[in-house]
Protein chains: 2
Amino acid sequence: MARKPDLRVVPAAAREPTLDLGILPNQVGYHLRLAQIAVFEDFAETFHDHGMSPGRFGVMVLIEANPGVSQGQLAQAIHLDRSTMVSVIDYLEGRDLVVRKASATDRRTNALWITPKGAELLADLKKLVEQHEERILADLSAEERAQLVQLLNRVKRQNLL
Amino acid sequence: MARKPDLRVVPAAAREPTLDLGILPNQVGYHLRLAQIAVFEDFAETFHDHGMSPGRFGVMVLIEANPGVSQGQLAQAIHLDRSTMVSVIDYLEGRDLVVRKASATDRRTNALWITPKGAELLADLKKLVEQHEERILADLSAEERAQLVQLLNRVKRQNLL
DNA sequence: CCAATTTAGATTGGCGTCAAACTATTTTGC
DNA sequence: GCAAAATAGTTTGACGCCAATCTAAATTGG
């Protein structure tokens, strides 16, 4: 392969590396990662003041939609380890956004419920997440967004779901 | 009682109520995350025996394509923190896959080069990554793969690059 | 019925990542 | 020319995640 010596003599401040990315742009995984980073950064920025991450937000959504759900069910649904879910719920419970209650049928499990305070916050978060999505997808039409989701869902995931 | 393989008798663990996912499936970010997880799992499985992760592989590709590149340039190109790059290079250098050399023009920077051993390994890794991509994208035609990349690249990323 | 196995949640340890602070060096600006 | 600011690499600390392990409880199977 021909080497590309960087012969540019430019002031350091204006030096634009513009590295040769090699085979990386040929990989779908690479572009997936870049998109993921961009989305996560906007998400983090949007929800930083609320102490929320995609994982925490997802957990609150699932608890609200499935009152009494267990931690293990959540972990499986959202692809987090059970041990990770412990600290997520610890955090949310510590902020009085969700509560662990005793299960009526299985004393091993915690039945999780959203609190009034949690439901109130979640309503605001849902509006914010809509704005977030609108922001990151501004350049895509409704058809293109649906197409993107459709293509993403056809990425092989026999290990998951 | 005659013993028969009753496929409907599944362990208690398989009692999956199939949670209501609420608004999550409406979010592109959610589907992006699922695809990312699936891709990463296959990648990790493929490269586990080689002690490689997407980040380490990407760094090796970039060093090979840009001999003498600095750690900071790499970090910027691949969206890792400079401090993270230190340990990545430490690891690769510890395995004699890359080397830090003194820069001719800036004594602050390390000029990074791939070693013969690193180049040899990288050649194998590139074949593996092709197979990995083929596996995760098996359900997509060439046109659909290009379309997916095209859509991913149009996700807003003004924060990046 | 009851011992063995499985399951749920929690604890601990390891790894990867980022951010802040530190040192050495380079660049900037007066 | 030289002091101030910026930059490169490193170290340290924090956080999120997973894997292994532990305890209590439920389920299974003889």
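The figures here come from the full heavy-atom set of this structure, side chains too, leaving out hydrogens, waters and symmetry mates. In what follows, chains are A, B, ... by sequence order, proteins preceding strands, each numbered from 1.
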Output the rounded distance in Å from [atom1] ([X]) to [atom2] ([N]).
X	N	atom1	atom2	result
B:His48	D:dA19	NE2	P	10 Å
A:Glu93	C:dG9	CD	P	13 Å
B:Leu80	C:dC18	CG	C1'	10 Å
A:Glu45	C:dC18	CD	P	16 Å
A:Phe47	D:dC15	CZ	C1'	20 Å
B:Arg108	C:dT27	CZ	C1'	8 Å
B:Met52	C:dG16	CE	P	12 Å
A:Asn110	C:dA8	CG	P	12 Å

If you pin A:Arg82 and A:Arg107 to their nearest nucleotides in DNA chain D, which one's is more 5'?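 Of the two residues, A:Arg82 wins.
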First encountered from the 5' end of DNA chain D, between A:Asp106 and A:Thr84: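 Result: A:Thr84.
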Between D:dA24, D:dT10, D:dC17, which one does the side chain of A:Val88 approach most closely?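 Nearest to the side chain of A:Val88 among the choices is D:dC17.
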Side-chain donor or acceptor of B:Ser83 under 3.5 Å from a matching atom on the base of C:dA19?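 Between C:dA19 and B:Ser83, which were checked side chain against base, a qualifying N/O pair under 3.5 Å is present.
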Is there a path of hydrophobic side-chain contacts, each under 4.5 Å between heavy atoms, that joins B:Phe40 and B:Val129?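 Unlinked, B:Phe40 and B:Val129 end up in two clusters.
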Under 4.0 Å between any heavy atoms, over every strand shown, what does B:Ser70 touch: base, sugar-phosphate, or nothing? Just pick one.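 B:Ser70: backbone/sugar contact only, no base atoms under 4.0 Å.
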Pair A:Thr46, A:Arg135: side-chain N/O donor-acceptor within cut-off below 3.5 Å: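 Their side chains do contain a donor-acceptor pair, which is all the 3.5 Å distance test asks for.
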Side chains of B:Gln71 and B:Arg100: donor-acceptor distance under 3.5 Å anywhere?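 There is such a pair (donor and acceptor under 3.5 Å, judged by atom type) between the side chains of B:Gln71 and B:Arg100.
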Counting only N and O atoms by type, is there a donor-acceptor contact under 3.5 Å from the side chain of A:Tyr91 to the main-chain atoms of A:Gly51?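 Side chain of A:Tyr91 to backbone of A:Gly51: a pair is present.
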So B:Phe57 and B:Phe47, would you call those rings parallel, tilted or perpendicular, with 30° and 60° as cut-offs?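 Rings of B:Phe57 and B:Phe47: tilted, 30 to 60°.
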Can you tell me if B:Gln73 touches the phosphate of D:dA8, counting only side-chain N or O atoms and a distance under 4.0 Å to OP1 or OP2?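 No, no such contact exists.
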